[in-house]
Amino acid sequence: MTTRLTGKTRSKALASLKKWKEVPGRDAIQRSLKFADFNEAWGFMTRVALAAEKADHHPEWSNVYNKVEIVLSTHDAGGLSAKDVALAKIIDACV
């Protein structure tokens, strides 16, 4: 089972994710992205999907035309974990 991030470890991890925000009322982080068009958004989602499958850790996300909304939280940990931080960094590299 994955361990939920707490205390200084959590604070340090969140500080490293400048473009991510905490989700109010939930132990999760989120990022909103806007692309030039649907094709660019879909290409981004494809790159993330392949990386997420390889990491065996999958985002909650939605896509409307050129906008992608992503939420990360580890369900079996009951909140934010190192898996989410690692996936957030992969996602940032895919933009």
Worksheet item: If you measure from CG on Leu17 to NZ on Lys12, what distance do you get to the nearest 0.5 Å?
Response: 12.5 Å
Donor-acceptor contacts, no H, no angles, side chain residues 34-42, under 3.5 Å, sequence neighbours left out:
unit_1	atom_1	unit_2	atom_2	d
Asp37	OD1	Asn39	N	3.3
Asp37	OD1	Glu40	N	2.9

Discussion item. Can you confirm whether Leu72 sits close enough to Gln30 that some side-chain heavy atom of one is under 4.5 Å from a side-chain heavy atom of the other?
Written reply: no
Discussion item. Between Glu60 and Arg31, does any side-chain N to carboxylate O distance fall below 4.0 Å?
Written reply: no
Item to complete: Return the minimal non-hydrogen interatomic distance between Ile29 and Val23, and the atom names on each side.
Response: C-CG2, 3.8 Å
Worksheet entry | Path from Val71 to Phe44 over hydrophobic side-chain contacts below 4.5 Å | no
Worksheet item: Do any N or O atoms from the side chain of Asp92 and from the backbone of Cys94 form a donor-acceptor pair under 3.5 angstrom?
Response: no
Worksheet item: If you round to the nearest 0.5 Å, how far is CH2 of Trp20 from CD1 of Ile91?
Response: 4.0 Å
Fill in: Verdict with supporting geometry, Asp27 and Arg10, side chain to side chain contact (heavy atoms under 4.5 Å, CB included)
CA-CA 11 Å; Asp27 193 12; Arg10 177 189 171 89; 2.5 Å; yes
Worksheet entry | Check: Arg4 side chain, Ala77 main-chain N or O, donor-acceptor pair, under 3.5 Å | no
Item to complete: Begin from the C-alpha positions of Glu69 and Ser32 and carry the test side chain to side chain donor-acceptor pair (under 3.5 Å) through to its verdict.
Response: CA-CA 5 Å; Glu69 300 286 333; Ser32 300; 2.5 Å; yes
Fill in: side chain to side chain contact (heavy atoms under 4.5 Å, CB included) assessment of Leu33 paired with Val95
CA-CA 9 Å; Leu33 298 114; Val95 178; 3.4 Å; yes
Worksheet item: Quick one: does Ser81's side chain have a donor or acceptor within less than 3.5 Å of a partner on Lys83's backbone?
Response: yes
Worksheet item: Can you tell me how far CD of Glu22 sits from CG of Leu80, rounded to the nearest 0.5 angstrom?
Response: 8.0 Å
Item to complete: Would you indicate whether the side-chain heavy atoms of Asp84 and Leu5 approach each other to under 4.5 Å?
Response: no
Practice prompt. Give the minimum heavy-atom separation between Ser16 and Ala13, together with the two atoms involved.
Written response: OG-O, 2.6 Å
Worksheet item: What are the two closest non-hydrogen atoms of Leu87 and His58, and how far apart are they?
Response: CD2-C, 4.4 Å
Worksheet item: Do you know the tightest heavy-atom contact between Ala52 and Pro59?
Response: CB-CD, 3.9 Å
